[in-house]
Amino acid sequence: MVITKHGMISSTFKRTPFLTLDKTLSAVHDYISHPNSNTLSSALQHYIDSDNPYHGRKIHAHVIKTGYEPNTNISIKLLILHLKCGCLTYARQMFDEMPHRTLSAYNYIIGGYLRQGQVEESLSLVRRLVLSGENPDGYTFSMILKASTSASYVPYRSSLGKIVHAQIIKSDVGSDNVLYTALVASYVKSGKIGYARAIFELMLERNVVCSTSLITGYMNQGDFDEAKDIFSKTIDKDIVVFNAMIEGYSKLVEHASKSLDIYIQMQRLNFRPNISTFASVIGACSMLTAFEVAEQVQTCSHAGLVDKGLEIFRIMEAEYFLKPKMEHYACVVDLLGRAGRLSQAWEFVKAMPEKPNSDVWAALLSSSRLHGYVEMASIAANELFKLNANDRPGAYIALSNTLADAGKWDSVSEIRDKMKVRGVSKDTGCSWVAAEFSL
């Protein structure tokens, strides 16, 4: 896409809020009165630093109209301006038109592509940077590592961190906490916790972001002692590192009670729970309740856990003014369902202020299957089928097995016929209970 005089002028805002642009208007006036690289640079910088950078595109329109050839510094400022406006196409054209592309220009445009999730293009620009003879710096490497941890990026994810690490050593890039933090996150994401820990130990200032990454990595590998060690050594704790511990403990029944301990400790230290905290804590209550029901522990014991989970859900909005999301409703349904309180779970679902999503119905179906509630299982499964008939193969298996356990073989045949008609594979759904209620 080419930036034309008409296109640039027409895409700018027609009105400018005068009260917020006094200094900027002064800078623009200086540029209009004495058009040179210094006044132009000053005017652009005012817009880049302002809350309304969009108006700065008028200056670019003026530059195009007058035929002024911007130098490298001006070109980079225009590139930054367009990136701040979210106009990646214009920013890329500025970059491509630069007679000499500096490392700074490369870093800005690479960062622009990463912010918009275009990982492949950002890595393509890194390759172009190297081929141009420029040497990447710590900021460049940190952006590559960020790309390697992107959810949308799959190729070479497991090896990209090691490749970048080797290049950092070869390039003799100075120690940089931002770079080390990105390197730790990359190694954790690829499952190489040992490498991540080695980098962590080399850091002069170990920040809470690195600590959280390591804790998550250790928790995912079931190494709870190492996670606890990192947590205890983290001096400047924040809510995110507490959540990493709470969530990690909540996933396994033998550690779920520790989630509640960390939750209490966090509150005693005056940390305010957030959305993620509540989902994990209610999930921990559900996990413990299921264990106690399975072990046939006295009813009063798991009843206390259920009530505790319900109270935590209540105070989430009543005391912390956090509106529950679907994951929280699903956690409560799972909590009630695992305890065998299917009628209460059903009433809870019916009273929801929003239409239940598939996770809520999956939690109800899972619990109905667990306790052999055929009618409830049929209701939940049918609601799941309405939302998506083909992407929940486990729901068919769960309902079929529940009906089979009740001896309703005619209904089992009907379910299996539906599966054949809809092309749902039985093998796909053989493991019908998964974390996060994914049936």
Side-chain angles (χ1 to χ4, degrees), residues 114 119 123 126 136-259 261-263 265-266 269 271 276-277 280 284 435:
L114 277 177
V119 179
L123 292 177
V126 172
D137 62 3
Y139 186 69
T140 316
F141 285 127
S142 68
M143 287 193 293
I144 302 171
L145 291 167
K146 184 179 179 181
S148 75
T149 60
S150 170
S152 63
Y153 184 73
V154 178
Y156 313 114
R157 174 181 286 173
S158 61
S159 59
L160 191 55
K162 290 181 70 175
I163 293 170
V164 172
H165 193 182
Q167 289 300 317
I168 291 171
I169 296 170
K170 288 179 183 178
S171 304
D172 196 27
V173 174
S175 59
D176 181 327
N177 265 14
V178 174
L179 180 55
Y180 278 178
T181 299
L183 194 53
V184 168
S186 178
Y187 275 134
V188 168
K189 193 82 171 182
S190 61
K192 296 180 173 61
I193 308 301
Y195 288 117
R197 183 63 179 267
I199 297 297
F200 181 77
E201 297 296 344
L202 289 173
M203 295 178 68
L204 297 176
E205 297 180 11
R206 297 165 189 170
N207 58 61
V208 70
V209 177
C210 274
S211 297
T212 304
S213 290
L214 270 179
I215 289 169
T216 301
Y218 279 128
M219 286 293 193
N220 288 340
Q221 292 194 352
D223 198 337
F224 295 93
D225 289 338
E226 289 295 337
K228 182 180 178 182
D229 180 58
I230 294 293
F231 179 74
S232 64
K233 292 177 180 177
T234 303
I235 299 173
D236 296 321
K237 293 182 176 67
D238 63 6
I239 183 62
V240 180
V241 76
F242 274 103
N243 282 347
M245 293 295 292
I246 292 170
E247 181 183 2
Y249 280 140
S250 72
K251 292 179 179 178
L252 291 176
V253 66
E254 56 266 37
H255 294 284
S257 62
K258 295 177 184 176
S259 281
D261 295 337
I262 298 291
Y263 172 67
Q265 178 188 348
M266 179 187 73
L269 293 172
F271 284 97
S276 299
T277 314
S280 296

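Quick note: residue numbers are just sequence positions, from 1.
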Any Phe224 side-chain heavy atom under 4.5 Å of Lys228 side chain: no
Measure from the side-chain N and O atoms of Asp238 to the backbone N and O of Val241, and report whether any donor-acceptor pair falls under 3.5 Å. yes
How many angstroms lie between CD in Glu247 and CD1 in Ile215, if you round to the nearest 0.5 Å? 12.0 Å
For the backbone of Glu205 and the side chain of Asn177, can you confirm whether one donor and one acceptor N or O come within less than 3.5 Å of each other? yes
Please check if atom CG in Leu269 has more than 12 non-hydrogen atoms from other residues, nucleotides or ligands closer than 6.0 Å. yes
With a 4.5 Å heavy-atom cut-off, do Val240 and Val208 have their side chains touching? no
Value rounded to 0.5 Å, distance of OH in Tyr180 from CG in Leu183: 8.5 Å
Contact between Ile230 and Phe200 at the side-chain level, heavy atoms closer than 4.5 Å - yes or no? yes
Can you tell me if Tyr139 has over 12 outside heavy atoms packed within less than 6.0 Å of its OH? no
Hey, are the side chains of Val184 and Ile199 touching, using non-hydrogen atoms and a 4.5 Å cut-off? yes
Report the residues that fulfil salt bridge (charged side-chain N to carboxylate O under 4.0 Å, His left out) with Glu201, sequence neighbours left out, ordered by chain and then residue number. Arg197, Arg206
Chi angles and distances behind the side chain to side chain donor-acceptor pair (under 3.5 Å) call for His165, Tyr195: CA-CA 10 Å; His165 193 182; Tyr195 288 117; over 6 Å; no
Quick one: closest heavy-atom pair of Met245 and Ala227, and the distance? SD-O, 3.9 Å
Side chains of Asn220 and Lys251 in contact at under 4.5 Å (non-hydrogen atoms): yes
Just so I know, are the side chains of Leu214 and Glu226 near enough to count as touching, which here means a heavy-atom distance under 4.5 Å? no
In Å, rounded to the nearest 0.5 Å, how long is the span from CD1 of Ile193 to CD of Gln221? 4.5 Å
What residues form a side chain to side chain donor-acceptor pair (under 3.5 Å) with Ser250, not counting sequence neighbours? none
Test item: Ser190 side-chain N/O and Tyr187 main-chain N/O as donor-acceptor pair under 3.5 Å: yes
Keeping Ser259 on the side-chain end and Ile246 on the backbone end, is there a donor-acceptor pair under 3.5 Å? yes
What I'd like to find out is whether the side chain of Leu179 reaches to under 4.5 Å of the side chain of Leu145, using heavy atoms alone. yes
Side chain to side chain contact (heavy atoms under 4.5 Å, CB included) evaluation trace for Val164 with Gln167: CA-CA 5 Å; Val164 172; Gln167 289 300 317; 5.5 Å; no
For Val188 and Ala196, work out which heavy atoms get closest and say how close. CG2-CB, 3.7 Å
Counting the benzene-type ring for Trp, do Phe242 and Phe231 have ring centres under 6.0 Å apart? yes
Backbone of Thr212 reached by a side-chain donor or acceptor of Thr216 within 3.5 Å: yes
Does the side chain of Cys210 reach to within under 4.5 Å of the side chain of Met203, using non-hydrogen atoms? yes
Can you see which heavy atom on Ala244 is nearest to which on Met219, and at what distance? O-CG, 4.3 Å
Let me confirm one number: the CZ-CD1 distance from Phe271 to Ile262, rounded to the nearest 0.5 Å. 12.0 Å
